[in-house]
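The structure appears right after this line, and notes come after that.
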There are 2 protein chains.
Amino acid sequence: MQEANDIETSETLTARQGEVLDAVFDLLMKGGDAVTMTAVARRASCSKETLYKWFGDRDGLLTASVRWQASKVRAGSYDRHHLDANSLRESLQGFWGNWLRVISGPKSIALNRVAVSHAWSGKSNLGSIVLENGRFAIGERLKPLLEDGRAAGLLDFDDTETAFRTFFGLVSRDIQIRLLLGDRLEITEAEIAQDAARATQQFFALYGARDRASFEDRPASFPPQPSETHPRGAPEDEDGKHKPPSS
Amino acid sequence: MQEANDIETSETLTARQGEVLDAVFDLLMKGGDAVTMTAVARRASCSKETLYKWFGDRDGLLTASVRWQASKVRAGSYDRHHLDANSLRESLQGFWGNWLRVISGPKSIALNRVAVSHAWSGKSNLGSIVLENGRFAIGERLKPLLEDGRAAGLLDFDDTETAFRTFFGLVSRDIQIRLLLGDRLEITEAEIAQDAARATQQFFALYGARDRASFEDRPASFPPQPSETHPRGAPEDEDGKHKPPSS
DNA sequence: CAAGAACCGTACCGTACGTTACGGTTCGGC
DNA sequence: GCCGAACCGTAACGTACGGTACGGTTCTTG
């Protein structure tokens, strides 16, 4: 392994290398045992020698692939145009809806699965890569929005991190662990939208500015719009599926 | 493999078999690659032949061990004595505190890790076992308490499952995924208690019965006790640690 | 067009681990 | 005290896979 890792140092990947890494990820989604060097080479129509020259060893290949996919997965960021209550609420809903869509997708599930498996198994930490591009990335992207909301008098919290983590919990609840553990849990687009709306609503119920003073000089229809979902935090039915995986 | 699986059918495990399964789990916590048949045999001071006779194959051994540990992990249940606001709040706090303590422990982390890794890798589903003894078990244990709370006029929600999942999210937030992904994230006993209290408080803010009518014939000091934590859902600082794993 | 680099395909090597086989030992029942 | 069952320890087998070597082919460059 003399000068193997082009990747670690220079972040540039050729198109061909990208194809290879996509092949790796395809294999990953077909179950982790499937990703052998031979299989990757065959699937990507390249030689094992090339794999080793490019990525050093199997672990480097996996790491590069995870990094590659993780960097592609990050949901779009939200520009902070002028903030009123509705635009804030819509931004938040959109943000989390996007996120729900991403993490419930097969790519994200595979990504997290392999990262978890690997973090457990010693060697180079895919866990931190996924964490950095997932949980922490959305934190850094959402927190400015929350703080803008606070500055605009729409939100009220002391610690941004705490508020964010609560929001995170309201949105994700048990779905990530369930998906990772193999629970068949298909989420329709409608459910995603509804979940994002419910979570946002609950977030406003917890952290929305509601001092009488600042409340009354806001437009009449503040976030919890009775027309959209339940005014209180309990939508009627939703998705109470107790449906463990293929028994 | 003629009549191997004593375990699948008769749920009884001899003490010796329990020792073996504990040995497996010890190995599991030392990184998943460590759990080879030879290592298990050596650690448990038994022969490989016995392992195969008892558990069929490596997968059966893993499955038995996960089932064994999962059944030992379940936090204690809570009896429904007479319910007033304070006892309910304390029960909930205690329940979730227990749960936080469990899932942040190394055993639970190892358990979830191996289950995730395995669920990803085809074969017999450890995921459902962990799910059944973890997420779903606490659901079944907590929901009666919530419904008693509602019957006593202390809580207000339509769908128990939805309320429970929200509560789950408020408590767990991002800690489970972070722990699984290898984030060093030590949680002190104090933080656990505080988190459970904060989550409970937020849950009451979202689902506590607060119609004017039933509110006024309740004792003066309803759950959000200003003396305990912040009356609103935002504790001052808490644990905003952005501390990714060993980079 | 020629020389060299990059790469493909395949064959090969070493090893680690799952699985099986077998001789020796302990132990409960008659 | 004898017999068989259960079990221990270890040795052996087969295989799958990570990693390497090498000849042939395509692409780049001057």
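Here the structure is a predicted model, which means the values were calculated and not measured. Each chain gets a letter, A, B and so on, in the order the sequences are listed, and its residues count up from 1.
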Look at A/Asp195 together with B/Arg165 and state whether they make a salt bridge at an N to O cut-off of under 4.0 Å.
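Looking at B/Arg165 together with A/Asp195, the answer is no, because their closest N to O distance does not fall below 4.0 Å.
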So does A/Arg135 pair up with B/Asp183, basic N to acidic O under 4.0 Å?
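No, no charged N to carboxylate O under 4.0 Å.
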Without decimals, in angstroms, what is the distance between [X] [atom1] and [N] [atom2]?
{"X": "B/Arg58", "N": "C/dA16", "atom1": "CZ", "atom2": "P", "result": "16 Å"}
{"X": "B/Lys53", "N": "C/dT19", "atom1": "NZ", "atom2": "P", "result": "17 Å"}
{"X": "A/Arg42", "N": "C/dG9", "atom1": "CZ", "atom2": "C1'", "result": "11 Å"}
{"X": "A/Trp54", "N": "D/dG19", "atom1": "CH2", "atom2": "C1'", "result": "18 Å"}
{"X": "B/Tyr52", "N": "D/dC8", "atom1": "OH", "atom2": "C1'", "result": "16 Å"}

Could you check A/Asp59 against B/Arg16 and say which one's nearest nucleotide on DNA chain D is further toward the 5' end?
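Closer to the 5' end of DNA chain D: B/Arg16.
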Does any pair with a residue in residues 94-109 of chain B pass salt bridge (charged side-chain N to carboxylate O under 4.0 Å, His left out), and if so which ones, sequence neighbours excluded?
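For residues 94-109 of chain B: B/Arg101-B/Glu189.
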Could you point out which residue of A/Thr63, A/Asp59, A/Asn125 forms a side-chain hydrogen bond (donor to acceptor under 3.5 Å, both in side chains) with A/His118?
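For A/His118, the side-chain hydrogen bond (donor to acceptor under 3.5 Å, both in side chains) test succeeds with only one of A/Thr63, A/Asp59, A/Asn125, which is A/Asp59.
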Roughly how far apart are A/Thr36 OG1 and A/Arg42 CZ, rounded to 0.5 Å?
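One gets 7.0 Å once the value is rounded to the nearest 0.5 Å.
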Any side-chain donor-acceptor pair under 3.5 Å between A/Glu147 and A/Thr160?
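Present: a donor and an acceptor within the cut-off.
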Short side-chain N/O contact to C/dC17 OP1/OP2 from B/Thr38, under 4.0 Å
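The answer is no; no side-chain N or O of B/Thr38 sits under 4.0 Å from OP1 or OP2.
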Which protein N or O atoms sit under 3.5 Å from an N or O of nucleotides 21-23 of chain D?
from, atom 1, to, atom 2, distance (Å)
D/dC22, N4, A/Glu49, OE1, 2.6
D/dC22, N4, A/Glu49, OE2, 3.4

